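Reviewing the structure listed below.
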2 protein chains.
Amino acid sequence: MLRVSKLTDYATVILTHIAHQPDELHAASDITQDTGVALPTVSKVLKLLAKANILISYRGSKGGYALANKPNETNVAEVITAIEGPIGMTECTTSDGTCEQESSCEIKGNWNLINRAVYTALEAVTLADMVAPVRQQAVTVGLPTVTKSNDLNVEN
Amino acid sequence: MLRVSKLTDYATVILTHIAHQPDELHAASDITQDTGVALPTVSKVLKLLAKANILISYRGSKGGYALANKPNETNVAEVITAIEGPIGMTECTTSDGTCEQESSCEIKGNWNLINRAVYTALEAVTLADMVAPVRQQAVTVGLPTVTKSNDLNVEN
DNA sequence: CTAATATAGTACTAAAATAGTCCTATATAA
DNA sequence: TTATATAGGACTATTTTAGTACTATATTAG
């Protein structure tokens, strides 16, 4: 199954929470209470997001985290990259030379194409979209413009 | 890093190889030699692809595998699903009820949107595209039509 | 200047997913 | 009947991920 890690999932939950009050400072302990995610885990995620400049951190008493940019300026691709590293669906996409078959591999270029397509899709969704309640929302990505209906199942 | 498993990567290599001679039968042992992937692994992948009706298998002496459909009728989304199971980026997308936060989770619907966008991107690339050498190829997916240039790096 | 609070960084452990291998059964052709 | 090739399932080792803990540093308040 093609999936993001749990930490990335937490990251979106946490960011969505913060984005609801974009002008306030949020301490890790507050976020734990509001989201139900364990404190050490919240802490870890927040650090990663700060390191990637998605959040700004303030130390010390009365410290906490705030969004570095407006909700519509941070997209899902950035969040995934912050937690999991560069988005690349195969080994050869992110690190050269580690694949033995590389020299004779004829499909590397095509995987790059696929990556690009996926990345574009992820880039099109911002935090602002995540904050918004699920609505009849056109995803402006993909061949046929997809219109959201409830609980669409992506398989088959 | 958002990625497909190695087995899925092998699957695309193997399928690409088979698609070069779509009218011949390919035994697992032949494929091992031509691709450099270990026999037990090749074998495992072929079984999974056959089970998903992407390949047709013929047992016995002179047996082997062949494509069930034309190269342009099998897409990457199907291949990923065959090897890894349903494509869904978060737990709640593929299996209901296992996430404790589900009832209070406000972003589930939005993950469904993202899944849909990614799936559409993966669906747009077929085996026929993989067989073709990397060429100046427009990916008909994503907002701006992406034109392939060499070694585009998907990050930042 | 000191104490309290909150993040930064790093290292470690446990659990889960993945990869890879092997064995036995079944089907087909010569 | 024998050789060949896939089907299916079980098992092990490896790798990745998740989660935790500890120490250092920065900031505010008194």
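Basis for what follows: all heavy atoms, side chains included, without hydrogens, waters or symmetry-related copies. None of the values given here were measured: they were computed from a predicted structure. Residue numbers start from 1 in every chain, and the chains themselves are labelled A, B, ... in the order their sequence lines are given, proteins ahead of strands.
Checking dA3(D), dT6(D), dA19(C) against every side-chain atom of Ser5(B), the shortest atom distance belongs to dA19(C). Among the nucleotides dG9(C), dA19(C), dG9(D), the one closest to any side-chain atom of Lys47(A) is dG9(C). Among the nucleotides dT28(D), dT20(D), dA19(C), the one closest to any side-chain atom of Ser61(A) is dT28(D). Residue Tyr65(B) places its side chain closer to dT6(D) than to any other of dA4(C), dT6(D), dA8(C). Out of dT20(D), dT21(C), dA19(C), the shortest distance to the side chain of Pro40(B) is found at dT21(C).
When side chains are defined from C-beta on, Leu122(B) counts as touching Ile87(B), because their heavy atoms get closer than 4.5 Å. When side chains are defined from C-beta on, Thr16(A) does not count as touching Asn110(B), because their heavy atoms never get closer than 4.5 Å. With a 4.5 Å cut-off on side-chain heavy atoms, Asn72(B) and Leu127(B) do not count as touching. Under the 4.5 Å side-chain criterion, counting only non-hydrogen atoms from C-beta, Ile114(A) is in contact with Met130(B).
One atom, CD1 of Ile56(B), and another, C1' of dA5(D), lie 17 Å apart when rounded to the nearest Å. Leu2(A) places its CG atom 16 Å from the P atom of dA17(C), with the value rounded to the nearest Å. Distance Lys62(A) NZ to dG30(D) C1': 13 Å, rounded to the nearest Å. Spacing between atom NZ of Lys6(B) and atom C1' of dT14(D) amounts to 10 Å, rounded to whole angstrom units. Put simply, CG on Leu7(B) is 12 Å from C1' on dA17(C), counting in whole angstrom units. Per the geometry, CD1 belonging to Ile14(A) stands 14 Å off C1' belonging to dA18(D), to the nearest Å. Between the CG atom of Leu48(A) and the P atom of dT20(D) there is a distance of 16 Å, given to the nearest Å. Atom CG in Leu39(B) sits about 9 Å away from atom P in dT21(C), given to the nearest Å.
Projected onto DNA chain C by closest heavy-atom contact, Gly64(A) and Lys44(A) fall at different nucleotides, the more 5' of which corresponds to Gly64(A). Taking for each of Thr8(A) and Ala50(B) the nucleotide of DNA chain D with the nearest heavy atom, the 5'-most of the two is the partner of Ala50(B).
Contact annotation: Ser57(A) does not reach the phosphate of dA6(C) (side-chain N/O to OP1 or OP2, under 4.0 Å). In this model, the phosphate group of dT25(D) is not approached by any side-chain N or O of Tyr58(A) to a distance below 4.0 Å at OP1 or OP2. Proximity of Tyr10(B) to the phosphate of dG20(C): a side-chain N or O atom is located under 4.0 Å from OP1 or OP2.
Side-chain atoms of Ser29(B) and Thr32(B) form no donor-acceptor pair, as typed in the model, at a separation below 3.5 Å.
Between the side chain of Arg59(B) and the base of dT28(C), no donor-acceptor pair under 3.5 Å is found.
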